[in-house]
There are 2 protein chains.
Amino acid sequence: MAGRRTDTRQRIQEIALELFSERGYEQTTLQEVAERLEITRPALYYHFKAKEDILNGVIEDLNASLDELVEWARAQPHTAAAKREILGRIADLLEDRWRPLFRFAQVNQTAMERIPAGEGMQERLITLLSVLTTPGADPVRQFEERLAVFALILGTLPFLFEMELPEDQRTATAMTVAAKLVSGQ
Amino acid sequence: MAGRRTDTRQRIQEIALELFSERGYEQTTLQEVAERLEITRPALYYHFKAKEDILNGVIEDLNASLDELVEWARAQPHTAAAKREILGRIADLLEDRWRPLFRFAQVNQTAMERIPAGEGMQERLITLLSVLTTPGADPVRQFEERLAVFALILGTLPFLFEMELPEDQRTATAMTVAAKLVSGQ
DNA sequence: GTCTATACTCGGATAGAC
DNA sequence: GTCTATCCGAGTATAGAC
């Protein structure tokens, strides 16, 4: 177990993201990351030139996933049905593997704002919002369409429901509400 | 300007909140706070026993405001009209003086989670959400009612609209959407 | 009661040896 | 690719001046 050396970079990202999510980005010390990997603190600096670079790398992977989605979404027409389908794919993305990372981004906004990939993620989300927005519609309509995305994201937060609802039913409920919002009821 | 003063504690809170909001809580150093006040760094420790205590004091003031609102809201009936009125008061609170603080709390969630007053604020917000929730209603209905509060909060974020809309029209739009959500359209 | 000087510890970062 | 040694800056503690 102690002889591997080529996958260290990736292992750093995994462990770091785990700790960043648990304790928050700023509260996590590189000492803790190094200890879990059983290397020393300066050794991390061979693979990443700064703490922020570790986080940046992880978010870049997320952005690549978002890029596919955004590209596809831009090609869709401005119909309610197409918008529901876009929301469905956003929900899938949250489901698949990125949910913890979305939650992290939400809780650690100050860190996200300081890294390039964080800016990139925000740009992609804004693009997604604008794809869902009917051009020329009145502001209330546009706001409802945009709110739909946040309904999906908020649906992943347990505290939004005190009600005892299993997770899959929570996300289903959020999707229903989001679909209503883009459909204009 | 170099003499001793008696309002230092309050001035610390004001300046600190300003800087915390600009650069984020963790990125703000006590050195910067002290410099703006033209005192030394250790002097801060006479008034507050830790950096987190400065933030905690500010949030306690907000919680006191929230308490009034929560107490009043609990006494309201579960009618759509009453819920719209509750949302109106939440919007007023955001308007009045607490908007920057709400924004701060959103962006600096990790810091908020570590201070007692942050927990207190979250409890109060959850109470507000539950007051807006019709007991026994189906989950979709309940989620819509809760989402209304977030519509108000999100309405304060400029980036949610690319559209060129002045701030007062943004908040008005958010209020309209929120009202629709609790009214079940 | 209000503040300054000083010092300690820990975390991020760099240089250079193996 | 990883280590030791070292630096710097930030939060914190304490002694003591006024």
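Each chain gets a letter, A, B and so on, in the order its sequence line appears, and its residues count up from 1.
Side-chain atoms of R103(A) and S21(A) include no donor-acceptor pair closer than 3.5 Å.
Residue Y46(A) places none of its side-chain N or O atoms closer than 4.0 Å to OP1 or OP2 of dT2(D). Of the side-chain N and O atoms in T40(B), none sit less than 4.0 angstrom from OP1 or OP2 of dC3(C).
Cation-pi geometry between K51(B) and Y45(B) is not satisfied (NZ or CZ under 6.0 Å from the ring centre, within 45° of the ring normal).
For T8(A), taking side-chain heavy atoms from C-beta onward, the closest of the listed nucleotides dA10(D), dT2(D), dC3(C) is dT2(D). Listed candidates were dT12(D), dC3(D), dG1(D). Nearest to the side chain of I39(A) is dC3(D).
Counting to the nearest Å, the P atom of dG12(C) and the CD1 atom of I54(A) are 9 Å from each other. The nearest whole Å value for the distance from the CZ atom in R41(B) to the P atom in dC3(C) is 17 Å. Note: NE2 (H47(A)) to C1' (dA13(C)) measures 16 Å, nearest angstrom. When the C1' atom of dT12(D) is taken as reference, atom CZ of F48(B) falls 16 Å away, rounded to whole Å. Summarising the geometry, the separation between CG on D53(B) and C1' on dG11(D) is reported as 13 Å, rounded to the nearest angstrom. As rounded to whole Å, 10 Å separates atom P of dA10(D) from atom NZ of K51(B). To the nearest angstrom, C1' of dT14(D) lies 16 Å from CG of L44(B). Note: CG (D7(B)) to P (dT2(C)) measures 11 Å, nearest angstrom.
For the atom pair Q27(A) CD and E113(B) CD, the distance stands at 10.5 Å (nearest 0.5 Å).
Looking at E35(A) and R41(A), no side-chain N of the basic residue comes within less than 4.0 Å of a carboxylate O on the acidic one, giving no salt bridge. The pair R11(B)-E14(B) fails the salt-bridge criterion, with no side-chain N (NZ, NE, NH1 or NH2) lying under 4.0 Å from an Asp/Glu carboxylate O. Salt bridge absent: E71(A) and R89(A) never bring a charged side-chain N and a carboxylate O closer than 4.0 Å.
In this structure D92(B) satisfies the salt bridge (charged side-chain N to carboxylate O under 4.0 Å, His left out) test with no other residue, sequence neighbours excluded.
Counting heavy-atom neighbours within 6.0 Å of Q169(B) CD, excluding the residue itself, gives a total above 12.
Within residues 15-35 of chain A, no residue places a heavy atom under 4.0 Å from DNA chain D.
With a 4.5 Å cut-off on side-chain heavy atoms, R23(A) and E32(A) count as touching.
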Write down the protein N/O and nucleotide N/O pairs, taken from nucleotides 14-18 of chain C, whose separation is under 3.5 Å; answer none if there are no such pairs.
none

